[in-house]
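Notes follow the structure.
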Amino acid sequence: MTSNSGRPLRYAVIGAGMAGILAAIKLKERGEHFVVYEKAAKIGGTWRENRYPGLTCDVPAHAYTYSFEPYPDWQAYYATGAEVQGYFEHVVAKYGVAAKIRFNSEVIALDWDASANQWTLTLADGSAEVFDVVIAASGVLHHPRLPEIAGLDTFAGPAFHTARWDEQAPIEGARVGLIGSGSTGIQIVTAINRKVGRLVHFQRSPQWVMPVPQFRYSDEEREAFRRDPALIDAIRFADEYLGNIRRFTDAITDIDGPQMLEIERICRDHFEASIRDPALKEKLRPNYRAACKRLIYSWCYFDEVQHPAVFVETGTIAQVEPQGVRMADGTLHELDTLILATGFHADRFIRPAGVTGVGGMTLDRFWATRPTAHYAVTLPHFPNLFMLNGPTGPVGNFSLIDIAERQWDYIDQLVDLLRTGEAVSIVPTVEAHEAYEERRVAAAKTTIFRSGCTSWYLDATGVPSSWPWSYDAFAEAMAKPILSEYAIRPSAG
Ligand code: NA7
């Protein structure tokens, strides 16, 4: 638990979302000295930022929990965003980590001092602090991407990104425009279509929809979960969830194999059986393979999109005008409110913080081609820096909490070398990382994500920025770091 100079190691955790809370709990359990820096005034990360109507976690609630903190109180099989935020607040209170979080504290720079084997963190207020270990848990989808549409700022009514929801914007009985049909846009359609006067859904790409069940838990069921946590495990480890993850990761890596053909069949059958109007059906028919984009998991989208108040507009947007959205064919959709469900810059991670590692190497330079990390966790040139939910980790419709917990196990084993005083710094070698990344990129190019669609899974060069192997391969990689891939600087003493 001490550094080579005999004092306790100091850890900085950046971000108090799902992954940062995990790190805080684990470090507190070990009795470590740590500080969590959070740029906002509240915990929760993506669940704090997103408050749009219809926000639902598309991973079954009982599977979207920390393994050490099952939650009998979930109201339904899939939880609302507000409930998920409530879960994280409950966890932070129960595990007593709130006092360790410094709110309104944005880290703007991290600088490695090779002589002291320490990171200096600079905050937005100009103050600086020194740490031995940095855990970057700063999230993935947190920089809203606004569409480049002419005249956007001329719109007379409220126009806002979904992660900056405007509670005052007219929705009830109003003429609402919604641009974007990712998971966010689709969830919003299902939540506001019966409230609006008219909803124009501007859809550049239609979506494949995986039909999933949704149901509420009764008070009796919640009581039973409380009495017998094995009932929760039965959901968490059920074949319908865990088995599906395995089948899904097999499918995305074996794109003509039986699992992918089955996913395609389910999505196609659901689509064919659900949409009545032939014209709408053609608008909603994707021209790419299911699971190429992140699948929409929904129990109601196809019903809700057929509500008479919804108009799916598939034409090209020419510009935004004060009254509404003008299409390339000259049609003007007059609107009171314009919602931008246009996604996020998925390549930012810890940036815009400036990170400078060994020999002046900057993260921007290291990531000039694409954001990468060794097994999605560590970075050559940046010792004693560990990422949770960093670039090239597994992506799909499964719990990122589980992914972060497994990454923590990997990190913990590496940090142990520092903790025991065996080493003062640990960093993957450039050679090991390049060899790994070469294998990863080659495999990623053969996944379903690259089968002919656009999505936030693809990096700037069009290569999927994801773990391209099976779930079990990921679990195995996280279970034991390959120490020969690391440069481990031994302690002088
Ligand atoms: P996504 O999945 O990145 O979706 C963004 C949507 O916005 C998508 O339908 C885009 O169409 C559309 N888009 C983006 N720019 C434009 C412009 N200029 N004009 C028209 N349409 C546009 O973001 P979400 O917020 O829905 O979901 C992100 C993740 O959050 C989700 O996967 C979950 O993991 C949680 P495109 O498909 O590019 O044609």
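Both ligands and their constituent atoms are indexed starting at 1 by order of listing.
- Annotation: cation-pi pair K100/Y95 absent, no NZ/CZ under 6.0 Å from the ring centroid and within 45° of its normal.
- Under the 3.5 Å distance criterion, with hydrogens and angles disregarded, no donor-acceptor pair is assigned to the side chains of H374 and E437.
- Under the 3.5 Å distance criterion, with hydrogens and angles disregarded, a donor-acceptor pair is assigned to the side chains of Q187 and Y52.
- Ring geometry, Y77 versus Y217: the interplanar angle exceeds 60°, so the pair is classed perpendicular (tilted spans 30 to 60°).
- Side-chain contact of T331 with D329: a donor-acceptor pair under 3.5 Å is present, judged by distance alone.
- Protein neighbours of ligand 1 below 4.0 Å, counting non-hydrogen atoms: L141, R145, P147, I179, G180, S181, G182, S183, T184, R204, S205, K293, R294, A341, T342, G343, F344, T454, W456.
- Figure legend: K293 and Y288 shown as a cation-pi pair, the cationic atom lying under 6.0 angstrom from the six-membered ring centre and within 45 degrees of its axis.
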